[in-house]
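Every chain is numbered from 1, with letters handed out A, B, ... down the list of sequences.
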Number of protein chains: 4
Amino acid sequence: MTSGRPRDEGVRRNILTATQALVLEKGYAAVTTTEIAARAGAGKQTIYRWWPGKGALVLDAFSSWVEQAPRTARRRPSLSSTLVEFCRAATHAAPVLRALMAEAQFDPALHARLLAQLVRPRGDELRACLTDRRAADRELVVNVLSGLVWQRLMLNEPLDGRFVRFALRVVGRI
Amino acid sequence: MTSGRPRDEGVRRNILTATQALVLEKGYAAVTTTEIAARAGAGKQTIYRWWPGKGALVLDAFSSWVEQAPRTARRRPSLSSTLVEFCRAATHAAPVLRALMAEAQFDPALHARLLAQLVRPRGDELRACLTDRRAADRELVVNVLSGLVWQRLMLNEPLDGRFVRFALRVVGRI
Amino acid sequence: MTSGRPRDEGVRRNILTATQALVLEKGYAAVTTTEIAARAGAGKQTIYRWWPGKGALVLDAFSSWVEQAPRTARRRPSLSSTLVEFCRAATHAAPVLRALMAEAQFDPALHARLLAQLVRPRGDELRACLTDRRAADRELVVNVLSGLVWQRLMLNEPLDGRFVRFALRVVGRI
Amino acid sequence: MTSGRPRDEGVRRNILTATQALVLEKGYAAVTTTEIAARAGAGKQTIYRWWPGKGALVLDAFSSWVEQAPRTARRRPSLSSTLVEFCRAATHAAPVLRALMAEAQFDPALHARLLAQLVRPRGDELRACLTDRRAADRELVVNVLSGLVWQRLMLNEPLDGRFVRFALRVVGRI
DNA sequence: ACATAATCGAGACGGTACGTCAGGTCTTCCC
DNA sequence: GGGAAGACCTGACGTACCGTCTCGATTATGT
């Protein structure tokens, strides 16, 4: 039996939208929950009712945004195209990704969420491009690529075409 | 011509020691500059006179600690032994390294310091083990290894023997 | 040994002045500590460092204000003139006095402060006008007068000339 | 024409009972409407439908409780017995009475209710004991007694036998 | 010797975000 | 329409930490 007033989906969307907009405008660190609430026309309590804090909120706001790939999986996508798309999206969202990964280092719960919503799905995507490899090799390649990308992000270096070529060259050697 | 009271080296050491102790006890995030000053028997101003903030202070406190290997470089050290030592030290200091890299994402100045004092020196160390490779390959290997290690740290996975073997296997394939 | 930066008296006065002004402008209940801090150009913490809360702060701001009687005690002041002056001051400050006494009902510490800083001094003043009475009668009269005044305040009835005459008639009968 | 479901008297009694219990357990200030609703097995809206707020609710809950004296008025009751009964009841309910009078200072509507339901009825009771006095004297005595009692309450001093004797001595002198 | 100048411990200060709490309203379904 | 449940907006609260500042005391150099 579900009694009481149901959660207002419009409010939820307003909050996520406001979060996205504000984080893009001013950067993760400069945004406050109070400000998000104000922009969303919501109460602060409503935010804290549904998210444990700024980190989780921003993660939600951007994980839906990052996953905008329609995934019209015809056949197995190529590794290179996947990687290109991967880097394109990551470049756009780079400041947010860096901030989220950083924040996650101070917040175990956020760390788990980040893994489940961002890190693992992207790894799985890569893995799906490697069905022609032996299982052990697959893990190896996925780890190396993921490591290269995240390191690049954290060191604030560009995820551009040069990087993609570099990464593919590495993979080719394995 | 330098007049005025000279810097007290004992105070500097007290502060670094107190920082180390407190960060190990309670973790980076839970420590405050005020607390460090109190423990060191120092004034807050003395800290801010010599360091720009908590991040740089902790970096100093631990970069001297991480690099305590005397580096009795006879000849070129082996890659595997270097990597093992590397991981051993990183495992001990893992929570601090994670926190520093995280904090650096919000603080460009700290980011630069971190690169200069921790990331690059370790990369150079690795590079020095690869003098038998072609220059292009060297960069490739250093990048991959560094990426694997930092990713491992940020994802809070162990830098144990299994990881070392895994990393060496990757390098062997390149 | 008094070390450290000494308390800034100017800040203290700014806070008290801002408190007074705001309470007179908008009434006790509508004023917040945040607002007082902003108006005084002070930090909220500075307020909480020196006062336990809004109540004590307002009490301080107005107890110095209520006691503006120069007390050029030549001889024993007459009861009637004291009572007139008393009511004049209380009429002005009535909303604040009501609010303070009300707040004190929820806050034992404020209650004690209120007694010590406002209630008892005023009682002593009245007592000083009754040196020609027997001690027991003195207490009786002081209690009755004080009771009449506070009741009047709490019931939000005017402390005007009519009330003074009424009160004096009562005392005359005792 | 009154259509729709009629008010549920059982719910009303549950709410008043829960209010009484909670206020006696934890004190007026520590009780919230949400809590009262929960204890009464009622919805918050049901409370706000019938009472303007916590103050009025508590007033109702206790005014029926304070006036539980059956008032078997044979003839004119004596002043002293009335005062004794008065103080006995007030002593029991002292914390609630203090809180209500305090709250009323911030809430004009509650102030009016408090006067009508508690202050004036008690005054009338006293007045009824003084039919042998001249009208002007009656008001005087009622005011003095009422003032003494409320002052005593607000200053958190006991309304015990000693106080009653004191009050009667005052009245005797008038 | 004595002024100059910088360091040091202590702690007050302005500022800003935090997460919590209570009040009172609104929205659902059920009777 | 009454009622239970509970989401919602609003706005104050008191705390925490940051980095700066202002004291008095100390310790070096330069005259």
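If you check residues 36-49 of chain D against DNA chain E, the residues with a heavy atom closer than 4.0 Å are D:K44, D:Q45, D:Y48, listed by number. The stretch residues 101-110 of chain C does not touch DNA chain F, since none of its heavy atoms comes less than 4.0 Å from the strand.
Between C:A30 and A:E9, the residue anchored closer to the 5' end of DNA chain F is A:E9, taking for each the nucleotide with the nearest heavy atom. If you find the closest nucleotide of DNA chain E to A:T33 and to D:G53, the one lying nearer the 5' end belongs to A:T33. The 5' end of DNA chain F is approached more closely, in terms of each residue's nearest nucleotide, by D:R7 than by the other of D:R7 and A:R7.
Qualifying side-chain contact (heavy atoms from CB on, under 4.5 Å) partners for A:R7, counting only residues two or more places apart in sequence or in other chains: A:R12, A:W50, A:W51. Applying the side-chain contact (heavy atoms from CB on, under 4.5 Å) criterion to C:T33, with sequence neighbours excluded, gives C:K44, C:Y48, C:K54. The side-chain contact (heavy atoms from CB on, under 4.5 Å) test applied to D:Q105 returns C:R98, C:A102, C:M154, D:M101, D:H111, not counting sequence neighbours. Legend: residues meeting side chain to side chain donor-acceptor pair (under 3.5 Å) with B:D8, ordered by chain and number and at least two apart, are absent. The side-chain contact (heavy atoms from CB on, under 4.5 Å) test applied to D:A42 returns D:I15, D:A40, not counting sequence neighbours. In this structure, the side chain to side chain donor-acceptor pair (under 3.5 Å) partners of D:R39, at least two apart in sequence or on a different chain, are D:E25.
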Handout entry: Secondary structure string for DNA chain F (Watson-Crick or G-U under 3.5 angstrom, | for other-strand pairs)
Key = |||||||||||||||||||||||||||||||
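A heavy-atom distance below 4.5 Å is found between the side chains of D:P52 and D:R113. Side-chain contact between C:V23 and C:I36: absent, with no pair of heavy atoms (C-beta onward) separated by less than 4.5 Å. Contact of the A:L155 side chain with the B:W150 side chain is not registered, since no non-hydrogen atoms from C-beta on lie closer than 4.5 Å. Side-chain contact between A:V31 and A:V58 is absent, with no heavy atoms from C-beta onward closer than 4.5 Å. At least one side-chain heavy atom of B:L16 sits less than 4.5 Å from a side-chain heavy atom of B:L57. For the pair B:D60/B:Q117, a side-chain contact is recorded, criterion being any heavy-atom separation below 4.5 Å from C-beta on.
Once you apply a 4.0 Å limit to the heavy atoms of chain A, the touched nucleotides of DNA chain E run 5' to 3' over E:dA17 to E:dT28.
D:T34 comes within 4.0 angstrom of no nucleic acid atom, judged by non-hydrogen atoms across all strands. Among the atoms of the strands shown, only primed sugar atoms or phosphate atoms (P, OP1, OP2) are found under 4.0 Å from some heavy atom of C:W50.
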With 3.5 Å as the limit, what N/O pairs link the protein to nucleotides 23-27 of chain F?
{"residue": "F:dT26", "atom": "O2", "partner": "B:R5", "partner atom": "NH1", "Å": "3.0"}

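Going from atom CG of A:L153 over to atom CG of A:L100 covers 11.0 Å, rounded to the nearest 0.5 Å.
The stretch residues 26-35 of chain C participates, sequence neighbours left out, in these salt bridge (Lys or Arg N to Asp or Glu O under 4.0 Å) pairs: C:K26-C:E35.
In this structure, A:Q20 contributes its side chain and A:A61 its backbone to a donor-acceptor pair below 3.5 Å.
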